[in-house]
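Reading through the structure tokens given below for one structure.
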Amino acid sequence: MTKFPVEKIRADFPILAELIRNKPLVYLDNAATCQKPQAVIDSIVQLYSHDYANVHRGVHSLSQRSTDKFEGARTKVKDFINAASDKEIIFVRGATEAINLVAQTYGKANIKTGDEILITAMEHHANIVPWQMLCEQTGAVLKVAPINRQGELIYAEFEKLLSDKTKLVSVVHMSNALGTINPVNQIIAAAHAKNIPVMLDGAQAVPHMTVNVQELDCDFYVFSGHKLYGPTGVGVLYGKQALLEAMPPYQGGGDMIRKVTFEHTEYNALPYKFEAGTPAIAEVIGLGAAIDYLNEIGMANIAAYEAELLAYATEKAREIKGLSIIGEAEHKGAILSFVLDKIHPHDIGTMLDSLGIAIRAGHHCAMPVMDFFEVPATARASFAMYNTKEEIDFLMKGIVSLIEVFG
Ligand code: C6P
């Protein structure tokens with residue numbers, strides 16, 4: 001690979017030039033949300049300045065322009081994850097809404113008292129709570145496959161939990177709290193051998209690796225636009241067409257109907273059946289622009305560069321006495337969760353902020369992970385394609401100075 005053009009990429013992100021507390025911003029909170037390239041910002045300005053109207057509704061020119069851009073973005077998403085058809089791409093508000101949608105439609109239609117839903121012990125709350133709600137509604141049972149001290153799924157235990165009662169497996173592709181990348185090919189093959197559908201929570205995976213849903217053969221895949229350098233308020237539910245066809249709709253309203261009378265409503269075809277109401281037009285189009293931008297750089301190049309960043313950060317972190325890394329999976333994405341002896345993660349976050357460094361300190365919406373590692377919270381530095389080794393050096397220097405002063 002030719003040298004990764006990180007400086008050129010950095011120049012595309014205007015916010016990276018901000019000063020925070022009079023210091024250059026070092027943005028290492030990319031798992032919470034990524035910053036936006038100028039191309040995404042421009043796409044939204046262009047839309048509202050020149051092309052904006054409601055979609056799928058008007059015969060007038062602006063509505064057609066808006067609709068073309070909106071549906072164009074759907075095709076970009078389809079190609080980006082290699083779905084078979086635009087009909088399999090449902091726009092939602094984010095990964096959270098996508099999982100709730102599947103729980104309340106597929107789940108309610110197919111999961112009954114005594115059935116089991118299988119997740120892992122490293123899930124984000126968004127892939128726990130919707131299933132707990134479904135279990136309360138149906139009498140189904142939530143099963144949790146355990147993890148080890150490295151933060152890896154104990155695959156043998158996962159396999160043991162797959163049974164005739166299991167009606168759905170829903171696992172995180174890459175953990176936002178630990179960085180672990182799960183053996184999703186193995187998981188999907190084992191579940192499919194028992195005719196169990198699999199949903200992957202790809203919110204943390206999609207910005208960092210090539211995702212090919214047909215090759216994975218997953219049944220559902222979900223992610224959020226804002227973690228993929230796109231706008232907030234938009235996310236994607238991918239589902240295999242046959243499954244989506246058979247599912248009841250989620251919400252009722254405009255756009256998801258073909259014909260309405262007071263006696264009966266006929267639902268629209270896919271993907272509109274699941275897109276009630278005026279969608280997040282500008283956000284969807286902005287997501288399309290983010291995907292164009294990423295395609296130009298290449299997801300494989302991004303993954304290779306971020307692997308370098310992670311290896312560098314891990315090596316440097318291991319040199320710091322009193323720092324413990326939480327999550328040391330062999331197969332891992334660019335996340336460094338850590339704790340320091342005697343300094344609470346929230347204090348680490350606040351003190352690093354005074355140096356212009358943005359990290360997340362907290363439970364990362366994965367409280368069961370914190371319980372497992374018996375920590376109240378972790379400090380999490382999460383890297384993106386615009387981060388540099390110099391920024392990692394700066395982070396490490398900041399941590400060392402904290403330990404010297406407060407440790
Ligand atoms: N994780 C983080 O700081 P939403 O909020 O719907 O865009 O994404 C939810 C979600 C689901 N699954 C995983 C694996 C995630 O990482 C997230 C979002 C952010 O780690 C915000 S809590």
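Please read these numbers as outputs of a predicted model, since none were measured by experiment. Each ligand, and each atom within it, is numbered from 1 in the order the structure gives.
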Item to check | His364-ligand 1 polar pair, N/O distance under 3.5 Å | outcome: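 No, there is no polar N/O contact under 3.5 Å.
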Checklist entry - Does the ring center of Phe13 lie less than 6.0 Å from the ring center of Tyr27? => result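 For Phe13 and Tyr27, the ring centres are not under 6.0 Å apart.
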Item to check | Sub-6.0 Å ring centroid separation between His173 and Tyr221 | outcome: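 Yes - the distance between ring centres of His173 and Tyr221 falls below the 6.0 Å cut-off.
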Checklist entry - Counting heavy atoms only, which of His124, His173, His125, Met174 is nearest atom 22 (S) of ligand 1? => result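 Of the listed residues, His124 has the closest heavy atom.
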Item to check | Closest candidate by heavy atom, reference atom 1 (N) of ligand 1, pool Lys227, His226, Arg360 | outcome: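 Looking at heavy atoms only, Lys227 sits closest to atom 1 (N) of ligand 1.
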Checklist entry - Taking all atoms of both residues into account, what is the closest heavy-atom pair of Gln251 and Ala276, and its distance? => result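 Residues Gln251 and Ala276, closest heavy atoms: O-CB, 3.4 Å.
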Next on the checklist: I need the minimum non-hydrogen distance between Asn387 and Arg10, along with the two atoms involved.
Outcome noted: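 Looking at all heavy atoms of both residues, the closest pair is CA-NH1, 4.3 Å.
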Checklist entry - Does Asp201 approach ligand 1 within less than 4.0 angstrom via side chain, backbone, both or neither, non-hydrogen atoms only? => result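 For Asp201, only side-chain atoms sit under 4.0 Å from ligand 1.
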Item to check | For ligand 1, the portion of Arg380 having any non-hydrogen atom under 4.0 Å away | outcome: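 Arg380 to ligand 1: side-chain contact only, backbone stays beyond 4.0 Å.
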Item to check | Derivation of the ring pair (Phe, Tyr, Trp, His ring centres under 6.0 Å) call for Phe274 and Phe91 | outcome: CA-CA 8 Å; Phe274 293 102; Phe91 287 123; over 10 Å; no
Checklist entry - Which heavy atom of the protein is the closest neighbour of atom 19 (C) of ligand 1, given with residue, atom name and distance? => result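 The closest one turns out to be Ala31 O, 3.4 Å.
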Run the numbers for me: atoms of ligand 1, each under 4.0 Å from some heavy atom of [X], listed by number.
| X | answer |
| --- | --- |
| Val172 | 14 (C) |
| Thr96 | 4 (P), 5 (O), 6 (O), 8 (O), 9 (C) |
| Ser224 | 4 (P), 6 (O), 7 (O), 8 (O) |
| Cys365 | 22 (S) |

Next on the checklist: A cation-pi test, strictly: NZ or CZ of Arg149 under 6.0 Å from the centre of the six-membered ring of Phe372 and no more than 45 degrees from its axis. Yes or no?
Outcome noted: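 The answer is yes, since Arg149 meets both limits relative to Phe372.
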Checklist entry - Just by distance, with hydrogens left out, do Thr378 and Ser337 show a side-chain donor and acceptor under 3.5 Å apart? => result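 Checked: Thr378/Ser337 side chains pair up, N/O donor to acceptor below 3.5 Å.
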